[in-house]
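All remarks here apply to the structure that follows.
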Amino acid sequence: MRLLKLILLALGMISLLISLPPLGFASLAFLGILADVSYVENREMGVQLLSWGWPPFISGIVLCALGLLVHLQSYRRSHKL
């Protein structure tokens, strides 16, 4: 159980770290300061970067939640009265 918890949390954190650059650049694109191009092209870049950033972000959240759930279950078993 301990190894499963560590693997889930590690994969979740790695996935969240992978998603940060595309999501950060997407926010810059939607603000219009990513590139020196028109608003429409910045918006297209933002949508493209969001489509790259959301899947690893969502999977990272799910993996971290599963890791914490496994941690809580193992904590309840070991500390039963």
Side-chain angles (χ1 to χ4, degrees):
M1 260 322 180
R2 186 173 182 192
L3 183 63
L4 176 65
K5 173 179 61 171
L6 289 175
I7 289 172
L8 286 173
L9 288 174
L11 287 176
M13 289 297 163
I14 290 169
S15 183
L16 284 173
L17 286 174
I18 289 172
S19 72
L20 286 179
L23 292 177
F25 284 129
S27 65
L28 290 176
F30 284 122
L31 290 173
I33 56 175
L34 181 65
D36 192 21
V37 293
S38 70
Y39 176 75
V40 173
E41 289 172 313
N42 268 323
R43 184 175 168 88
E44 289 173 5
M45 284 188 276
V47 169
Q48 178 78 31
L49 289 165
L50 273 179
S51 69
W52 290 350
W54 275 114
F57 182 77
I58 292 171
S59 64
I61 295 291
V62 168
L63 288 171
C64 285
L66 288 174
L68 291 175
L69 183 66
V70 169
H71 175 69
L72 288 175
Q73 287 178 348
S74 65
Y75 181 78
R76 287 181 189 158
R77 278 192 208 133
S78 65
H79 291 88
K80 256 188 181 172
L81 295 175

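One-based numbering along the sequence shown.
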Item to complete: Kindly work out whether a path of hydrophobic side-chain contacts (I/L/V/M/F/W/Y, heavy atoms less than 4.5 Å apart) joins L4 to L9.
Response: no
Worksheet entry | Distance-minimising heavy-atom pair for K5 and G67 | CG-O, 3.8 Å
Worksheet item: In terms of hydrophobic clusters joined by side-chain contacts under 4.5 Å, are L28 and V37 together?
Response: yes
Worksheet, complete the sentence: Note: S19 and G53 closest approach over all heavy atoms is CB-O, 3.4 Å
Fill in: Side chain proximity check, F30 to N42, heavy atoms < 4.5 angstrom
no
Response to the item:
Smallest heavy-atom separation, S15 atom then P56 atom, equals OG-O, 2.5 Å
Worksheet entry | Spacing of CZ belonging to R2 relative to NE2 belonging to H71, to within rounding of 0.5 Å | 10.5 Å
Discussion item. Just so I know, are the side chains of I14 and I18 near enough to count as touching, which here means a heavy-atom distance under 4.5 Å?
Written reply: yes
Worksheet item: Linking I/L/V/M/F/W/Y whenever their side-chain heavy atoms sit closer than 4.5 Å, directly or via other members, would L72 and V62 fall into one cluster?
Response: no
Worksheet item: L23 versus L50: any side-chain heavy-atom pair under 4.5 Å?
Response: yes
Worksheet entry | Nearest-0.5 Å distance, CG of residue L16 to CG of residue L63 | 8.5 Å
Discussion item. With clusters defined by side-chain heavy atoms of hydrophobic residues (ILVMFWY) lying less than 4.5 Å apart, directly or transitively, does I61 cluster with L68?
Written reply: no
Discussion item. Distance check, rounded to the nearest 0.5 Å: F57 atom CZ versus L17 atom CG?
Written reply: 11.5 Å
Discussion item. Count I, L, V, M, F, W, Y as connected when their side-chain heavy atoms are under 4.5 Å apart, and connections chain through other members. Are L49 and V47 then in the same cluster?
Written reply: no
